[in-house]
Amino acid sequence: MRIATWNVNSLRARLSHLCHWLNKDKVDVVLLQELKAQNHQIDTSALEDLGYNVALFGQKSWNGVAILSRFPLEDIRYGVEGAEALPEEEEVADPYVHARYIEAVVSTSQGIVRVASIYAPNGNPIDSDKFDKKQRFMEQLDAHVAALMQEEEKFVLAGDYNVLLDDRDAPSMVGWEKDALGHPQSVAALRGMIHRGLVDALRVHHTGTGLYSFWDYQGGAWQRDNGLLIDRLLLSPQAADGLRASGVMKQMRGQKQASDHVPVWCQLVLDKDA
DNA sequence: ATGGCGCGTCAAACGCGA
């Protein structure tokens with residue numbers, strides 16, 4: 001099974017890129033972030049025609065997450081707090097509480113895996129309440145990870161964590177400690193979560209420098225390969241037992257009207273005898 | 001590094017992202 005995560009920076013602006021990719025690359029599960037649209041503004045028919053079940057958690061203007069799956073989706077949950085129903089539009093007023101997390105169980109004949117699409121707050125500037133809300137989101141996520149770990153099941157928590165974990169995740173770490181992405185508090189929050197026993201799929205297969213998932217639109221970042229690694233797939237130990245490969249789809253950043261992020265993927269076998 | 005990019009909203013600049 002192939003699972004990918006992609007911050008699309010507007011689903012409507014990137015729908016043709018998404019369909020073009022999935023038409024030639026039959027990824028089984030796709031976790032999307034930054035839909036930047038409400039559910040009713042999104043036409044999912046092209047994705048359904050490609051064979052995907054679609055679970056949307058949209059929001060006006062900002063944020064928004066989704067799960068696409070070629071297998072049935074069960075037990076869909078909206079928000080880190082685990083609401084089992086899609087919140088009403090007017091409830092999705094606080095962008096730091098809502099439309100940043102959607103979770104579901106992917107059910108196949110080979111077994112099941114719980115997946116989540118995560119869009120952590122950027123958190124800048126660090127002297128604002130945005131930074132505090134980023135930390136609060138990470139605390140909520142950490143508590144949820146702790147609960148999930150008790151189940152000893154296969155799960156994949158993937159998305160845009162908006163945190164630089166170590167000095168491989170940017171060309172230079174100079175100055176990042178004063179930014180919400182590299183602030184010691186952000187780094188400690190994500191590292192603490194991972195230390196509960198999660199496996200950072202990309203780093204199993206790619207241990208060196210220069211592996212990025214984001215290149216800013218500004219300052220010629222793509223042309224200068226001035227990227228960041230902030231999109232990750234974090235696996236439970238039971239899921240990581242079946243991890244076979246991982247990678248980033250760097251070439252997609254070079255497309256016309258590309259998202260500033262590229263998909264990050266991993267290959268899993270669910271049947272441990274396979 | 002942050003004006004310089006790109007998106008949504010709303011109908012002109014502005015908020016936001018990272």
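Owing to the predicted nature of the structure, the values given are computational and were not obtained by experimental measurement. Reminder, nothing fancy here: chain letters follow the sequence lines and each chain counts from 1.
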Which nucleotide, [options], lies nearest any side-chain atom of [X]?
| X | options | result |
| --- | --- | --- |
| A:Trp62 | B:dC7, B:dT9, B:dC16 | B:dC16 |
| A:Asn9 | B:dG17, B:dC7, B:dC10 | B:dC7 |
| A:Ser61 | B:dT9, B:dG15, B:dC7 | B:dT9 |
| A:Ala13 | B:dC16, B:dT9, B:dC7 | B:dC7 |

Would you sort out whether A:Trp21 and A:Trp6 count as a ring pair (Phe, Tyr, Trp, His ring centres under 6.0 Å), showing the intermediate values? CA-CA 12 Å; A:Trp21 167 38; A:Trp6 189 23; 5.8 Å; yes
Closest heavy-atom contact between A:Gln140 and A:Glu81? NE2-OE2, 3.6 Å
So what does [X] hit on the nucleic acid, given a heavy-atom distance under 4.0 Å: a base, only sugar-phosphate, or nothing?
| X | value |
| --- | --- |
| A:Asp231 | nothing |
| A:Val163 | nothing |
| A:Tyr161 | nothing |
| A:Gln257 | nothing |
| A:Asp160 | sugar-phosphate |

[N] [atom2] sits how many Å from [X] [atom1], rounded?
| X | N | atom1 | atom2 | answer |
| --- | --- | --- | --- | --- |
| A:His40 | B:dG8 | NE2 | C1' | 13 Å |
| A:Asp260 | B:dG4 | CG | P | 14 Å |
| A:Arg100 | B:dG17 | CZ | P | 7 Å |
| A:Asp179 | B:dA1 | CG | P | 9 Å |
| A:Gln223 | B:dC5 | CD | P | 11 Å |
| A:Asn124 | B:dT2 | CG | P | 12 Å |
| A:Ile126 | B:dT2 | CD1 | C1' | 15 Å |
| A:Asn162 | B:dC16 | CG | C1' | 12 Å |

With rounding to the closest Å, how many angstrom separate the [atom1] atoms on [N] and [M]?
| N | M | atom1 | result |
| --- | --- | --- | --- |
| B:dA1 | B:dA13 | P | 31 Å |
| B:dC10 | B:dG15 | C1' | 13 Å |
| B:dG4 | B:dC14 | P | 13 Å |

If you find the nucleotide of DNA chain B closest to A:Ala221 and the one closest to A:Ile230, which residue's nucleotide is nearer the 5' end? A:Ala221
Assuming nearest nucleotide by heavy-atom distance, tell me which of A:Asn226 and A:Tyr217 is located more 5' along DNA chain B. A:Asn226
Quick one: CG on A:Leu15 to CG on A:Leu47, what's the gap to the nearest 0.5 Å?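 The CG atom of A:Leu47 is 5.5 Å from CG of A:Leu15, to the nearest 0.5 Å.
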Does the ring of A:Tyr161 carry A:Arg232 above it, NZ/CZ under 6.0 angstrom from centre and within 45° of its axis? no
Does OP1 or OP2 of [N] have a side-chain N or O of [X] closer than 4.0 Å?
| X | N | answer |
| --- | --- | --- |
| A:Lys36 | B:dG17 | no |
| A:Arg14 | B:dG8 | no |
| A:Gln218 | B:dG4 | yes |

With a sphere of 6.0 Å drawn around NE2 of A:His20, does it hold more than 12 non-hydrogen atoms of other residues, nucleotides or ligands?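 Not buried by this count: 12 neighbours or fewer within 6.0 Å.
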With a cutoff of under 4.5 Å between side-chain heavy atoms, which Ile, Leu, Val, Met, Phe, Trp and Tyr residues group with A:Met173? A:Leu164, A:Trp176, A:Leu181, A:Phe214, A:Leu228, A:Ile230
